[in-house]
Amino acid sequence: MPDRCTPEYERVLVGMGSALPYRRARTLPAELLPLDTIPEVETIRRRTFRVGARLERAALVPPDEVARATAITLAIDGGHVRSVRTYQMRSFEVMVARASNDQGQEVLFSSLPAEADRQVRQLQYVLRGLGATATTPVTILSDGAEGPRSLGAAVSIVLIHNVLDWFHLSMRIQHVAQAVQGWAMAAPDAAERTTTLTDAVARIRWRLWHGQTERALTLIGELLADLDAAVESAGNPPVRKVTTLLRALETYVAGQADLIIDYAAARHRGEAISTATTESTVQRLLHRRMGANQQMRWSPRGARRMLKGRTAVMNGTLVSEHTAAEPFACRPFRRAA
């Protein structure tokens, strides 16, 4: 009889174990519940893992039919977690997705590509729960990396629209602008040149915001030709830093040119253009619970199962998902009719 525990008490342990470190979660039940003995740390950890495994099995069950959505937006981003020393790598990647439909409904999804149990099918059922069908257009927002794009492409085989996230693109432009400001502070005698360069970076941002990729690349090429000559003549470190970042921006824009859209027009139409909310979700879902600043190390299987419970808590669906996964439990009792 492995599950000698009531479902209600189990949900309390899982909710605390997925929200807090296990040692901290161990003391809270004694403060909130009339318990004779405090549960052990290992008890909370095993309960969290068992429920996470059951939630993953229940996620492979097709959802009930819902009203059809006319459009689905899928913002995908990744985060890294430090692994235990016995794992073959120092860290492993966790995929975090925020799916939403045209009716304003949003669902969070997390998965480990190396450990997930049929993660594509799980994500397909998440989208189906939002009203997606085989012909529903899906807009995939990502930073252009192959991992998020391939995961989104596997979910829907037709009507896929990949869009480069404006947040990541804008941050690369911001890095160049900050390097120019550092050059201006280090060399006050070059104030006129840095002012001109600041205006040029602002024009690059404006052109990319309006989807004018070719014009932006042309302006970047002109700036690089001018800065390369300055580096050869003076060899100033601030100039070299600006040149390096500007060349990295040119490579990034040229490689992702097919994914850059007219962000201004899309914003005017009310379409999603950024994964900034997904970035904050990665922070809340991963780093606050599994952050390296807490000197935590995780096994991929333990992280995967804990994240299933934590994602359900953040979605506010732990009770319903835990109830749906109850048939997979091995309890020594049955509810009365």
Side-chain angles (χ1 to χ4, degrees), residues 75-82 89-93 141-149 162-264 267 273-276 278-280 282-283 286-287 291-293:
I76 306 176
D77 201 2
H80 287 81
V81 177
R82 293 181 64 185
M89 300 179 65
R90 294 183 59 184
S91 64
F92 52 87
E93 187 178 22
L141 287 168
S142 66
D143 59 353
E146 184 62 27
R149 288 179 59 187
N162 285 291
V163 176
L164 181 64
D165 170 40
W166 171 251
F167 175 79
H168 289 87
L169 181 58
S170 177
M171 287 302 298
R172 289 179 177 267
I173 303 173
Q174 184 64 22
H175 292 163
V176 178
Q178 291 175 351
V180 173
Q181 293 178 1
W183 181 13
M185 295 177 61
D189 55 336
E192 182 178 356
R193 188 167 191 175
T194 54
T195 301
T196 303
L197 192 57
T198 300
D199 295 339
V201 173
R203 293 200 303 273
I204 293 173
R205 184 190 300 272
W206 186 91
R207 292 179 181 182
L208 292 176
W209 172 252
H210 290 274
Q212 302 175 7
T213 308
E214 294 297 332
R215 293 187 63 198
L217 288 174
T218 301
L219 181 56
I220 293 175
E222 295 174 356
L223 293 178
L224 283 175
D226 185 36
L227 291 175
D228 287 338
V231 170
E232 292 179 359
S233 60
N236 198 353
V239 181
R240 188 178 297 108
K241 182 177 180 180
V242 173
T243 304
T244 301
L245 292 175
L246 198 60
R247 184 167 285 109
L249 176 62
E250 181 186 35
T251 303
Y252 186 73
V253 172
Q256 308 293 339
D258 295 338
L259 307 181
I260 296 177
I261 63 172
D262 189 343
Y263 297 99
R267 178 72 176 272
I273 61 173
S274 174
T275 61
T278 311
E279 290 282 341
S280 64
V282 172
Q283 176 69 23
L286 295 183
H287 299 160
N293 57 349

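Just so we're clear, the structure is a prediction, and the values are computed from it rather than from any experiment. Along the sequence shown, residues are numbered consecutively beginning with 1.
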If we only count heavy atoms from C-beta on, is the W183 to R193 side-chain gap below 4.5 Å?
-> yes
Interatomic distance, CZ@F92 vs NE2@H80, rounded to 0.5 Å, equals 10.0 Å
Before giving the answer on side chain to side chain contact (heavy atoms under 4.5 Å, CB included), spell out for E222 and T218 the whole-Å C-alpha distance, their side-chain angles and the decisive distance to 0.1 Å.
-> CA-CA 6 Å; E222 295 174 356; T218 301; 3.9 Å; yes
When rounded to the nearest 0.5 angstrom, what is the spacing between CG in L219 and CD in E250?
-> 11.0 Å
Reported CD-to-CZ distance for the pair Q212 and R203, which is rounded to 0.5 angstrom = 12.5 Å
Nearest heavy-atom approach of L217 to A254 is CD2-N, 4.1 Å
For L286 and G79, the nearest pair of non-hydrogen atoms, with its separation, is CD1-CA, 3.8 Å
Separation between CH2 of W209 and CD1 of I261, rounded to the nearest 0.5 Å = 9.0 Å
Side chains of R207 and V253: does their closest heavy-atom pair fall under 4.5 Å?
-> no
Report all side-chain donor-acceptor pairs from residues 163-178 shorter than 3.5 Å, counting only partners two or more places apart or in another chain.
from	atom 1	to	atom 2	distance (Å)
D165	OD1	F167	N	3.1
D165	OD1	S274	OG	3.4
D165	OD1	T275	N	2.6
D165	OD1	T275	OG1	3.4
D165	OD2	H168	N	3.2
D165	OD2	H168	ND1	2.5
D165	OD2	T275	OG1	2.7
H168	NE2	E279	OE2	3.1
S170	OG	R205	NH1	3.0
Q174	OE1	R205	NH2	3.1

The reported gap from OG1 in T243 to CG in L224 (rounded to nearest 0.5 angstrom) is 6.5 Å
Over 12 foreign heavy atoms within 6.0 Å of CG, D199 | yes
Approximate separation, where rounding is to 0.5 Å, of L208 CG and T213 OG1 = 6.5 Å
Using side chain to side chain contact (heavy atoms under 4.5 Å, CB included) as the criterion, point out the one residue from L227, V180, L197, T244 that pairs with V239.
-> L227
Kindly write out the residues that satisfy salt bridge (charged side-chain N to carboxylate O under 4.0 Å, His left out) with R267, not counting sequence neighbours, or none if the list is empty.
-> none
